[in-house]
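These notes are about the structure you will find just below.
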There are 2 protein chains.
Amino acid sequence: MTARTSAESTRDIPEATVARLPVYLRALITLSESGTVTCSSEDLARAAGVNSAKLRKDLSYLGSYGTRGVGYDVDYLRYQIAREIGVTQDWPVVIVGIGNLGHALANYSGFRSRGFRVVALLDADPTRHEEVVAGIDVRPFDDLEQIVRENGVAIGVIATPAIAAQDVADRMVECGISSILNFAATVLAVPAGVDVRKVDLSIELQILAYHEQRKAQADTA
Amino acid sequence: MTARTSAESTRDIPEATVARLPVYLRALITLSESGTVTCSSEDLARAAGVNSAKLRKDLSYLGSYGTRGVGYDVDYLRYQIAREIGVTQDWPVVIVGIGNLGHALANYSGFRSRGFRVVALLDADPTRHEEVVAGIDVRPFDDLEQIVRENGVAIGVIATPAIAAQDVADRMVECGISSILNFAATVLAVPAGVDVRKVDLSIELQILAYHEQRKAQADTA
DNA sequence: AAGAGTTTGTGAACGCGAGAACAAAACGAG
DNA sequence: CTCGTTTTGTTCTCGCGTTCACAAACTCTT
Ligand SMILES: NC(=O)c1ccc[n+]([C@@H]2O[C@H](COP(=O)([O-])OP(=O)(O)OC[C@H]3O[C@@H](n4cnc5c(N)ncnc54)[C@H](O)[C@@H]3O)[C@@H](O)[C@H]2O)c1
Ligand SMILES: NC(=O)c1ccc[n+]([C@@H]2O[C@H](COP(=O)([O-])OP(=O)(O)OC[C@H]3O[C@@H](n4cnc5c(N)ncnc54)[C@H](O)[C@@H]3O)[C@@H](O)[C@H]2O)c1
């Protein structure tokens, strides 16, 4: 908002770039694990499925971490991107709604391996509270505030039915959560300062269906 | 590609608009179920979480389905959008990889209710083939070709580990599938004419983490 | 029938992102 | 030390998407 203390870490990175940084990070991790020490923007772009000019432009927002005529040091760049995104630290996360999808999410190993730690599973249904999923107790939804306070949770995941999602989001915001990942098929209203991202399977399928239909029409034309 | 037979149905709708049409459709269904007969662009925009000018412009790509001074007939507009997207017909879908996530997807009621029909669940692991999930047998992955041929499947969902995803995608394309929804955390290479959309939980979380980190920095500045 | 009040559909301005193209910088060979 | 090669970082241009603003079109009242 106001003038930052300058120093390092470039100011506003374009949103489109932010969305690609995790892809680059994953490609770098794969390269690193395969023993690659250095890579060119061309190599990395291919691994990430983007244009090399776009890749270089994206990286230039972070700083000059490459060497002309040589390329990028894989581990160094990997660290720089991880730091920029913020995944060098661990982010505590709560998941609300431990049904079909919630179970899958709780069992998802990608959380831990990418800098996120599931600190609690919450569900409104008392019959769920007996359960232990992926080594974590399912607890009553009303425990949310205490859990958020004790663990400093900033990120919440909603996997409840659509009808309950707005209520859950409201409670999350009240408790101080300021980033929400919403799997329920509904539009959430939240105050300014709270980020919401949605993952919507049926929207993705419908987009595919639209293009599929057009292909079919083109064929019969 | 070549000149279409003109007739109705407007040509190329912008991709950004296509991605929002399913949101409008869902909002219209909700309105319709609550007994609303007519709505203004303002009403619908609010329900869909977008700007009303953007909504009107989006709808204008489909045609002129509103009445000035009045608004839109909810059921009529709902049908027009559904037809444009292609969800007035039923789309057969196969899901490959019936692990944690695959189970959740198979049990997801949103498929059927939105014009998609799961015709088969496939897994490479023989120990899974005993199983029946959501009333559907889990079958060997090698049955893919036969299933696609018999059911005219155009859309495939990948829920395998990342390491297997490219192989699965290749096989799908060979069998004639031309739209893929990929849940595995990997970049897929496919020939031109095949659409791929990805749903990537860890990318979404990392984007949230980035913004969360910036908020924290702003607070301490 | 005419005027006041609504609300759509769209032309125009603007800003952001994608990609091409190139200058600057590093390296290695001779 | 100099020149050619490689590859980055950046500038420039173009196209797409968003938003504003308003004329056109419709309803309702008097
Ligand atoms: N299953 C999938 O593959 C899938 C895919 C995409 C989207 N979704 C969406 O994700 C959401 C969850 O789907 P699901 O299949 O797991 O549903 P589900 O019914 O199996 O699970 C929902 C869980 O949320 C709990 N819940 C309900 N109200 C709650 C509240 N107010 N507070 C806390 N918990 C509450 C329920 O007790 C239940 O355990 C739905 O909105 C669905 O549309 C699911
Ligand atoms: N679980 C989640 O909530 C979640 C969330 C986001 C993304 N993902 C991604 O979704 C994918 C699946 O996750 P999961 O937790 O269900 O994993 P999982 O290991 O539980 O299930 C994977 C399934 O795929 C099957 N499989 C493996 N190779 C195959 C092949 N070549 N052909 C057909 N089937 C094959 C396995 O037998 C297994 O049943 C992973 O790529 C994961 O990163 C999972």
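So you know, we letter chains A, B, ... as the sequences are listed, proteins then strands, and number each from 1.
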Exercise for review: Report yes if the side chains of B/V96 and B/R171 come closer than 4.5 Å at any heavy-atom pair, otherwise no.
Suggested key: no
Review point. Taking atom C1' of C/dG17 as reference, at what distance in whole Å does atom NZ of A/K54 sit?
Key: 8 Å
Point to revise | Value in whole Å for how far the P atom of C/dC16 lies from CD of B/E15 | key: 22 Å
Review point. Just how far, in rounded Å, is P of C/dT7 from CG of B/L59?
Key: 16 Å
Exercise for review: Can you figure out which of C/dG17, D/dC20, D/dG9 approaches the side chain of B/A53 most closely?
Suggested key: D/dC20
Exercise for review: Report yes if a side-chain nitrogen or oxygen of A/S41 is closer than 4.0 Å to either non-bridging phosphate oxygen (OP1 or OP2) of D/dT8; otherwise report no.
Suggested key: yes
Point to revise | Heavy-atom donor-acceptor pair, B/K57 side-chain to D/dT19 base, under 3.5 Å | key: yes
Exercise for review: Determine: side-chain N/O of A/Y72 to OP1/OP2 of D/dG9, distance under 4.0 Å, yes or no.
Suggested key: yes
Check your understanding: Considering heavy-atom distances to DNA chain C, does A/P14 or B/S40 have its closest nucleotide positioned more toward the 5' end?
Key -> B/S40
Check your understanding: Could you give the CG-to-P distance, from A/L55 to D/dG9, as a whole number of Å?
Key -> 10 Å
Check your understanding: Taking atom C1' of D/dT10 as reference, at what distance in whole Å does atom CG of A/L62 sit?
Key -> 15 Å
Review point. Under 3.5 Å, is there a donor-acceptor pair between the B/Q80 and B/R83 side chains?
Key: yes
Practice item. Could you tell me whether A/D195 and B/R214 have a side-chain N and a carboxylate O separated by less than 4.0 Å? Key: no
Practice item. Nearest whole angstrom, please: distance from the P of C/dG17 to the OH of A/Y61. Key: 7 Å
Review point. So among B/S178, B/S179, B/P92, which one has a side-chain contact (heavy atoms from CB on, under 4.5 Å) with B/I155?
Key: B/S179
Practice item. Identify, between A/G69 and A/T17, the residue whose nearest nucleotide on DNA chain C lies closer to the 5' end. Key: A/T17
Review point. Expressed in angstrom and rounded to an integer, what is the separation of A/D58 atom CG from D/dG9 atom P?
Key: 12 Å
Check your understanding: Does OP1 or OP2 of C/dA20 have a side-chain N or O of A/N51 closer than 4.0 Å?
Key -> yes
Practice item. Would you mind telling me which of C/dT7, C/dC22, C/dA26 lies closest to the side-chain atoms of B/R68? Key: C/dT7
**Study point:** B/R20 side chain, from C-beta outward: closest of D/dT18, D/dC26, C/dG19
**Key:** D/dT18
Review point. Side chain of A/V70: nearest nucleotide among C/dC27, D/dT7, C/dA18?
Key: C/dC27
Practice item. Starting at atom CG of B/D43, determine the distance to atom P of C/dT6, rounded to an integer number of angstrom. Key: 14 Å
Check your understanding: For the side chain of B/R56, counting heavy atoms from C-beta on, which of D/dA21, C/dA26, D/dG9 is nearest?
Key -> D/dA21
Review point. For the rings on A/Y65 and A/Y72, is their centre-to-centre separation under 6.0 Å?
Key: no
